[in-house]
Amino acid sequence: MSERFRELPEERQICILRAAMEVFAKYDYKKASTDLIASRAGMSKGLLFYYFHNKKDLYLTVYEYVKQIITEGVADTRLLEMTDFFELITYATMKKIRILAENPYIVEFSLRSFYSEKEEISGELKLKTREGIDENYRQYFSKIDFSKFKEDVNPFEIFKMMVWIVDGYVHERQMGNEPLCLEEISRVFANWTEMFKQIAYKSG
């Protein structure tokens with residue numbers, strides 16, 4: 001994010017980022033028009049690139065903005081106090097799904113960024129996604145009671161698998177133009193959680 005953009009009032013920053021998120025959500029990176037983004041943000045294309053070095057800089061700034069929305073919506077004092085691995089994952093996942101259900105452009109943008117292939121930003125997005133998973137694990141799982149796990153089970157690998165399953169499920173619903181039903185997802189996720197508990201936790 002450029003210093004020029006940082007100097008804008010927060011309300012104006014959000015207006016520009018939301019306009020860009022909408023366009024990047026609707027179109028693949030190469031086809032997303034910066035003219036359309038500028039128009040939606042109520043500015044000229046020249047002014048848009050006064051605030052951002054290039055299209056890639058704008059896209060990655062939107063990526064960080066979406067990440068911030070989800071992180072701030074999920075993380076709270078209750079989450080940071082949880083000690084059971086699967087309770088924490090369930091709580092965080094349902095809060096994330098609720099945010100996505102209420103913000104369709106975030107869903108579409110997130111899915112396009114997660115499944116982007118052969119785009120100018122693909123390599124950097126994959127790196128950011130991996131770093132984000134590592135960062136979330138370190139930050140939110142620090143108080144987990146890992147003594148519940150079997151000795152031959154790596155909790156971080158279980159965490160990654162559950163992240164991928166949830167993202168894949170959301171992607172499948174989106175591709176089928178099906179709404180994110182919190183009740184259904186809660187039921188499905190409970191089944192996944194119980195399955196992974198059987199695999200990961202010690203008996204008794």
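Summarising the geometry of C15 relative to A41, their closest heavy-atom pair is SG-O, 4.2 Å, with the distance given to 0.1 Å. Minimum heavy-atom separation, A32 to V23: CB-CG1, 4.0 Å. The two residues I99 and G73 have their closest heavy-atom pair at CD1-CA, 3.6 Å. In terms of heavy atoms, R40 sits closest to A19 at CB-CB, 3.7 Å.
For F156, the ring pair (Phe, Tyr, Trp, His ring centres under 6.0 Å) partners are Y137, not counting sequence neighbours.
Side-chain contact check for I89 versus T193: every heavy-atom pair is 4.5 Å or farther apart. Contact annotation: the side chain of Q139 approaches that of E135 to within less than 4.5 Å [non-hydrogen atoms, C-beta and beyond]. Using a 4.5 Å heavy-atom cutoff, the side chains of D76 and K95 are in contact. Side-chain contact between I16 and L48 is present, with heavy atoms from C-beta onward closer than 4.5 Å. Counting heavy atoms from C-beta outward, L58 and I37 have side chains that approach closer than 4.5 Å. Looking at I97 and V166, their side chains come closer than 4.5 Å, going by heavy atoms from C-beta outward.
The aromatic rings of F52 and F5 sit tilted, their planes meeting at an angle between 30° and 60°.
A donor-acceptor pair is defined here as one N or O able to donate and one able to accept, closer than 3.5 Å; such a pair exists between the side chain of K202 and the backbone of S147. Remark: side-chain polar atoms of D84 are paired, donor with acceptor, to backbone N or O of F86 under 3.5 angstrom. A donor-acceptor contact shorter than 3.5 Å links the side chain of K150 to the backbone of I199. Side chain of Y29 to main chain of K56: a donor-acceptor pair is present (N/O by atom type, distance under 3.5 Å, no hydrogens or angles).
With rounding to the nearest 0.5 Å, the separation of NZ in K31 from CZ in F24 is 15.0 Å. Between F85 atom CZ and M162 atom CE the span is 7.0 Å, to the nearest 0.5 Å. Taken to the nearest 0.5 Å, the NZ atom of K55 stands 10.0 Å off from the OH atom of Y59. Atom OH of Y65 is separated from atom CZ of F109 by 11.5 Å, given to the nearest 0.5 angstrom. Note that OG1 of T77 is 9.5 Å distant from CE of M82, once rounded to the nearest 0.5 Å. To the nearest 0.5 Å, atoms OG1 (T61) and CG (D57) are separated by 4.5 Å.
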Side chain to side chain contact (heavy atoms under 4.5 Å, CB included) between T93 and I185, intermediate numbers included: CA-CA 10 Å; T93 298; I185 293 173; 5.6 Å; no

Check against side chain to side chain contact (heavy atoms under 4.5 Å, CB included), I106 and M21: CA-CA 7 Å; I106 290 182; M21 177 172 61; 3.7 Å; yes

Residue pair R18, E22: steps toward the salt bridge (Lys or Arg N to Asp or Glu O under 4.0 Å) verdict: CA-CA 6 Å; R18 285 180 175 172; E22 178 183 347; over 6 Å; no

Worked verdict on V153 versus F196 for side chain to side chain contact (heavy atoms under 4.5 Å, CB included): CA-CA 11 Å; V153 173; F196 276 106; over 6 Å; no

Step-by-step salt bridge (Lys or Arg N to Asp or Glu O under 4.0 Å) determination, E81 to R78: CA-CA 5 Å; E81 292 171 355; R78 182 182 173 189; over 6 Å; no

CA sep, side-chain torsions, deciding dist, call: K67, E64, side chain to side chain contact (heavy atoms under 4.5 Å, CB included): CA-CA 5 Å; K67 178 182 174 182; E64 292 299 330; 3.9 Å; yes

Trace of the salt bridge (Lys or Arg N to Asp or Glu O under 4.0 Å) decision for E3 with R6: CA-CA 5 Å; E3 286 302 318; R6 290 180 189 275; 3.6 Å; yes

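One hydrophobic cluster, built from ILVMFWY side chains closer than 4.5 Å, holds both I133 and I165. One hydrophobic cluster, built from ILVMFWY side chains closer than 4.5 Å, cannot hold both Y51 and F49; they sit in different ones.
The environment of CD in E172 is sparse: at most 12 heavy-atom neighbours from other residues, nucleotides or ligands sit within 6.0 Å.
Salt-bridge annotation for R4 and E7: absent, with no side-chain N of the basic residue lying under 4.0 Å from a carboxylate O of the acidic one.
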